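The basis for the numbers below is simple: all heavy atoms, side chains too, and nothing from hydrogens, waters or symmetry mates. Note that the structure is a prediction, hence the values are computed from the model and not measured.
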Amino acid sequence: MKHTRASIILSRIYLFFSAASLLMVSLMAFSNPQSVMDLVQVKLPNNDAFSSIRGVYGGVGLTIALALVRWALKDVQQGVTFASVLWGLYAISRLITISMEGPLGAFGTQWLVIESVLCILGVSLLAALRRPVAQLHH
């Protein structure tokens with residue numbers, strides 16, 4: 001199945017943008033875990049807390065960012081599928097929080113919108129990637 005050149009280029013931009021977003025937080029977490037938690041007004045109480053934030057936001061975030069870059073270069077469709085699920089589950093986790101704990105603050109609300117848009121964009125790109133070129137001209 002051949003994909004349109006535009007859908008591949010847009011998908012790569014989407015994957016690199018997603019990777020860069022995660023990489024920014026990852027680097028922040030590696031250098032100063034408290035700075036990540038300051039975004040949600042949480043004070044890290046001990047070294048285990050610093051280590052956990054460094055590991056999850058730093059290590060896991062960097063792993064995901066590297067995987068997205070690899071997919072952008074080697075398997076765009078798989079990368080877009082993964083990124084769509086990632087952003088969608090981030091948004092769903094915020095919706096669960098709203099239903100269980102109540103409304104989000106400005107930070108959480110802003111990220112709910114961003115993650116939802118990125119999920120919808122990814123699903124749209126995935127649909128474009130799955131459409132054979134021959135069908136696009138009819």
Side-chain angles (χ1 to χ4, degrees):
M1 174 187 309
K2 293 231 180 205
H3 307 300
T4 66
R5 182 179 169 109
S7 65
I8 292 172
I9 290 169
L10 290 172
S11 294
R12 285 189 172 138
I13 291 169
Y14 169 75
L15 291 172
F16 285 128
F17 177 81
S18 294
S21 300
L22 294 166
L23 181 62
M24 283 178 37
V25 175
S26 179
L27 294 175
M28 189 182 339
F30 274 126
S31 66
N32 182 1
Q34 184 59 58
S35 66
V36 174
M37 300 313 292
D38 286 345
L39 297 171
V40 290
Q41 300 151 8
V42 172
K43 181 74 175 146
L44 295 174
N46 56 53
N47 288 348
D48 289 333
F50 277 85
S51 175
S52 293
I53 297 306
R54 196 171 267 125
V56 173
Y57 290 97
V60 174
L62 180 57
T63 302
I64 294 170
L66 291 172
L68 289 170
V69 168
R70 184 197 177 284
W71 279 319
L73 301 173
K74 301 285 186 187
D75 191 343
V76 173
Q77 189 167 334
Q78 187 176 23
V80 172
T81 300
F82 178 86
S84 299
V85 171
L86 175 73
W87 294 122
L89 289 175
Y90 265 127
I92 288 169
S93 70
R94 294 188 194 279
L95 293 172
I96 291 169
T97 299
I98 292 169
S99 71
M100 295 181 76
E101 281 83 33
L104 300 172
F107 177 88
T109 301
Q110 176 184 11
W111 277 100
L112 173 58
V113 171
I114 292 168
E115 292 152 359
S116 298
V117 168
L118 288 171
C119 177
I120 292 165
L121 179 59
V123 170
S124 300
L125 288 168
L126 195 56
L129 287 171
R130 289 190 174 176
R131 191 175 314 134
V133 173
Q135 288 182 350
L136 295 172
H137 298 296
H138 293 288

Contacts satisfying ring pair (Phe, Tyr, Trp, His ring centres under 6.0 Å) that involve residues 77-104 (not counting sequence neighbours) are Trp71-Phe82, Trp87-Tyr90

In one Ile/Leu/Val/Met/Phe/Trp/Tyr side-chain cluster, 4.5 Å: Leu39, Val42 = yes

Contact list for residues 46-63, test salt bridge (charged side-chain N to carboxylate O under 4.0 Å, His left out), sequence neighbours left out = none

Which pairs, with at least one residue in residues 29-45 and sequence neighbours excluded, count as a side chain to side chain donor-acceptor pair (under 3.5 Å)?
-> Gln34-Asp38

One should read off an interatomic distance between Leu125 CG and Ile8 CD1, to the nearest 0.5 angstrom, of 11.5 Å

Compute whether any side-chain donor of one residue and acceptor of the other, for Ser7 and Thr4, lie under 3.5 angstrom apart.
-> yes

For Asp75, enumerate each residue passing the side chain to side chain donor-acceptor pair (under 3.5 Å) test, keeping only those at least two apart in sequence or located in another chain.
-> none

Would you mind listing the cluster partners of Ile96? Hydrophobic ones only (ILVMFWY), side-chain contacts under 4.5 Å, chaining allowed.
-> Val85, Leu89, Ile92, Met100

Do Leu66 and Met28 share a hydrophobic cluster, counting only Ile, Leu, Val, Met, Phe, Trp and Tyr and linking them when any side-chain heavy atoms are less than 4.5 Å apart?
-> no

For the atom pair CG (Leu23) and OG (Ser18), what is the distance rounded to the nearest 0.5 Å?
-> 12.0 Å

Sequence neighbours left out, what pairs pass ring pair (Phe, Tyr, Trp, His ring centres under 6.0 Å) with at least one residue falling in residues 18-42?
-> none

Any side-chain heavy atom of Val113 sitting closer than 4.5 Å to one from Ser116?
-> no

Mind checking who shares a hydrophobic cluster with Ile9, ILVMFWY linked at side-chain heavy-atom distances under 4.5 Å?
-> Ile13

Main-chain N/O of Asn47 paired with Ser51 side-chain donor or acceptor, under 3.5 Å | no

Hey, is the main chain of Leu118 close enough, under 3.5 Å, to the side chain of Tyr14 for a donor-acceptor pair?
-> yes

Looking at CZ of Phe17 and CG of Leu121, how far apart are the two atoms once the value is rounded to the nearest 0.5 Å?
-> 9.5 Å

Here the pair of heavy atoms bringing Val25 nearest to Val36 is O-CG2, 4.1 Å

Is any side-chain heavy atom of Ile98 closer than 4.5 Å to a side-chain heavy atom of Leu112?
-> yes

Might you work through the side chain to side chain contact (heavy atoms under 4.5 Å, CB included) test for Leu86 and Leu22, ending with a clear yes or no?
-> CA-CA 11 Å; Leu86 175 73; Leu22 294 166; 3.8 Å; yes

Within 6.0 Å of CZ in Phe50, more than 12 heavy atoms from elsewhere = yes

Connected via hydrophobic side-chain network under 4.5 Å: Leu126 and Val117 | no

Please answer: with hydrophobic residues joined when any side-chain heavy atoms are less than 4.5 Å apart, are Phe107 and Leu95 in the same cluster?
-> no

How many angstroms lie between CG in Leu68 and CG in Leu15, if you round to the nearest 0.5 Å?
-> 6.0 Å

May I ask you to decide if Gly61's main-chain N or O and Ser26's side chain share a donor-acceptor pair within less than 3.5 Å?
-> no

How would you list, by chain and number, every residue that makes a side chain to side chain donor-acceptor pair (under 3.5 Å) with Ser11, sequence neighbours excluded?
-> none

Taking ILVMFWY side chains as joined if any heavy atoms are under 4.5 angstrom apart, and letting links pass through other members, which residues group with Val69?
-> Phe16, Leu73

Those residues at least two apart in sequence (or on a different chain) that pass side chain to side chain donor-acceptor pair (under 3.5 Å) with Arg94 are Glu115

For Met24, which fellow cluster members are found when Ile, Leu, Val, Met, Phe, Trp and Tyr are connected by side-chain heavy-atom distances below 4.5 angstrom, either directly or through intermediates?
-> none

Apply side chain to side chain donor-acceptor pair (under 3.5 Å) to Gln110 and list each qualifying residue two or more places apart in sequence or on a separate chain.
-> none

Do Leu44 and Val40 belong to the same hydrophobic cluster, where Ile, Leu, Val, Met, Phe, Trp and Tyr are linked whenever their side-chain heavy atoms lie under 4.5 Å apart, directly or via other members?
-> yes

